[in-house]
Undergrad: 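Below is the structure I would like to discuss, written out as structure tokens.
Chain letters run A, B, ... following the sequence lines, proteins first and then strands; every chain starts at 1.
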Number of protein chains: 2
Amino acid sequence: MIIDCHGHYTTAPPALEAWRKLQVAALDDPAKGPARSALKITDDEIRTSLENAQLKMQRERGTDVTIFSPRASFMAHHIGNEATSREWSEICNDLVARVCGLYPDNFVGVCQLPQSPGVRPERCIPELERCVSELGFIGCNLNPDPSGGHWKEPPLTDRWWYPLYEKMVELDVPAMVHVSTSCNPCFHATGAHYINADTTAFMQFLTSDLFRDFPKLKFIIPHGGGAVPYHWGRYRGLAQDMKRPPLKELLLNNVFFDTCVYHRPGIELLTKVIPVDNILFASEMVGAVRGIDPETGHHFDDTKRYVEQIEALSAEDHHKIFEGNARRVFGRLGSKPAREVNAAAKR
Amino acid sequence: MIIDCHGHYTTAPPALEAWRKLQVAALDDPAKGPARSALKITDDEIRTSLENAQLKMQRERGTDVTIFSPRASFMAHHIGNEATSREWSEICNDLVARVCGLYPDNFVGVCQLPQSPGVRPERCIPELERCVSELGFIGCNLNPDPSGGHWKEPPLTDRWWYPLYEKMVELDVPAMVHVSTSCNPCFHATGAHYINADTTAFMQFLTSDLFRDFPKLKFIIPHGGGAVPYHWGRYRGLAQDMKRPPLKELLLNNVFFDTCVYHRPGIELLTKVIPVDNILFASEMVGAVRGIDPETGHHFDDTKRYVEQIEALSAEDHHKIFEGNARRVFGRLGSKPAREVNAAAKR
């Protein structure tokens, strides 16, 4: 069984984006915006959007379940206000729930949170609870920078975020730290902002006692942990210079890295320096990089191949990376089949 | 001969910081600030500041020349205005020039630029020219974010920067892309802001035609290129998806990476994925990480050891990384001994 812990619904039917455009066009006068009921997407449209994309790749690559969330770059928490973000998040999450309902063996849901710049994170709790208790979701994506590249929110380790963390622990759901698009012309979204956010979050965790306050709080840092594994010596050294505990003790009970690193040498490094218990298989397909690597003849984001090629990993290690760790980190998945998690959803 | 292309004067005598504090205290009324002549540092104080630090480590580790610039985190371009930054930069550059004068075999100078948020980069040209033609410096550090973590300047590929680039090409000096301290509480300076800036700059270069406009412009991306080598597949894939030329053709005539990666697996990855012609030896000592790695018993930043341990590198490769590439990228150094470069300075 292979669980891909990081997939977004990047291929949603075009009606979704069209609805969003109408919502954005009416920001000044939301009464003129589209009714939620104006968004019409049929089950067949959903099937088509997946059959030639995520499902095809699951079959071709031999992966089984994708932990699936709304398109990250479309979260765009900077747009409008809290109400804008709430409505958009509910719609996107509902659509992911429909995907999970149609393909309960293939997808398990993770929600987008209705964050909005400067709005207290506890305002996201109702949507998190709804997604977990009604839609059967098992995690959330948490955006450390709802401004979209201006970084105006307090660090993730600030008490600003604590009420949300309390709820996450109560519900037993981890968060993937995942920014959305960049409105800052300095930062290319998928090439810089995403990776920078990963690195930034890790360093925030390193300098704080967050996990003393929340021993059961869990974060996945995507995109292979940004720059962190490549600079693992730097981070070990910085922690030591700051008289922090060793990284293993300080944060490796709480922080996990995915395998969205699109070449074999990167995966080699990741699996060499990060303990195998902290690595979760992921590909982010269909995501940031869609082409075929001319050096291998395979998709850049077919990360399963790279992981399989690492000879230093034992069968047990592979099992942890491909399945076991995801079942442990996503406590609501646990040992259950995806179908069982989805069956618990109240639709 | 081993050339370390990335060292800062982090150990400058305390009088320097004391002077800076007086300057900062008088920002509202610079007339009340310290006279430049109030900064008194003797040659012996300079010697002491280096003998037990950079020079000791050069001797112990067996490196020969450090390409040396003012302390990066102290550049703090966000403080005050253009005049503040100009005076501070001149003072810091003059001090590095004195270091080079005292130890002409051990150090060659690279300057801090008197950048200031929102001030056009061509305003830095006089100081760059002074450092190159009068102090014998061979490069500059260019801060892509003089705001200190708010990223308000245009990307490095914007025409905003072109007049400075024209001068760099004319003078045959490369720039190391190097931010200063972070005023944004989200970004730890050496653990996040530095690394993010490296990644950000690379992605800016990837998406632009800057090097078609400036075929001879050269940048060194420090800290092993931020996250870039670890995500080399991602960058190759992003470039391909965007129909950009292959990275080698697009930017590897102009962009170079240093070896400030503080563990062997990171250096292994760097030397595996980045062509050897694009890697310049550096340690950044005495810099961001000062401790001893308990896993090796050696300083984290003793990067020479890691490079030497990479068996896949030939003697010729080692020569390029340790010396040849630096002599090529720093055109004003070229094949000359450090002493000859320093002798050309008009003191």
Undergrad: If you count heavy-atom pairs under 4.5 Å between each of A:G237, A:G224, A:P185 and chain B, which one has the most?
TA: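 Of the candidates given, the most pairs with chain B belong to A:G237.
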
Undergrad: Please flag which part of A:P246 lies under 4.5 Å from any non-hydrogen atom of chain B: side chain, backbone, both or neither.
TA: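 Contact with chain B is absent: no heavy atom of A:P246 under 4.5 Å.
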
Undergrad: Give, for atom CD1 of A:I195 and atom CD1 of B:I195, the distance between the pair rounded to the nearest 0.5 Å.
TA: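 Spacing of CD1 (A:I195) from CD1 (B:I195) equals 13.0 Å.
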
Undergrad: Taking all atoms of both residues into account, what is the closest heavy-atom pair of B:P154 and A:C186, and its distance?
TA: C-SG, 4.4 Å

Undergrad: In terms of heavy-atom pairs under 4.5 Å, which option from A:G191, A:P155, A:A192 contacts chain B the most?
TA: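 With the most close heavy-atom pairs to chain B, the winner is A:G191.
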
Undergrad: If you check both backbone and side chains, which donor-acceptor pairs between chain B and chain A fall under 3.5 Å?
TA:
residue	atom	partner	partner atom	Å
B:W151	O	A:N184	ND2	3.1
B:N184	ND2	A:W151	O	3.1
B:C186	O	A:Q204	NE2	3.0
B:T190	O	A:R234	NE	3.0
B:T190	O	A:R234	NH2	3.0
B:G191	O	A:Y235	OH	2.5
B:N196	ND2	A:T200	OG1	2.8
B:T200	OG1	A:N196	ND2	2.8
B:Q204	NE2	A:C186	O	3.0
B:H223	O	A:H231	NE2	3.2
B:G224	O	A:Y230	OH	2.8
B:G226	O	A:H231	NE2	3.0
B:Y230	O	A:H263	NE2	2.7
B:Y230	OH	A:G224	O	2.8
B:H231	NE2	A:H223	O	3.1
B:H231	NE2	A:G226	O	3.0
B:R234	NE	A:T190	O	3.0
B:R234	NH2	A:T190	O	3.0
B:Y235	OH	A:G191	O	2.5
B:R236	NH1	A:D293	OD1	2.8
B:R236	NH2	A:D293	OD2	2.9
B:R236	NH2	A:E295	OE1	3.4
B:Q240	NE2	A:I292	O	2.8
B:D241	OD1	A:G291	N	3.3
B:D241	OD2	A:R290	N	2.8
B:H263	NE2	A:Y230	O	2.7
B:E268	OE1	A:K272	NZ	2.9
B:K272	NZ	A:E268	OE1	2.8
B:R290	N	A:D241	OD2	2.8
B:G291	N	A:D241	OD1	3.3
B:I292	O	A:Q240	NE2	2.8
B:D293	OD1	A:R236	NH1	2.8
B:D293	OD2	A:R236	NH2	2.8

Undergrad: Side chain, backbone, both or neither: which part of A:L238 has a non-hydrogen atom closer than 4.5 Å to chain B?
TA: both

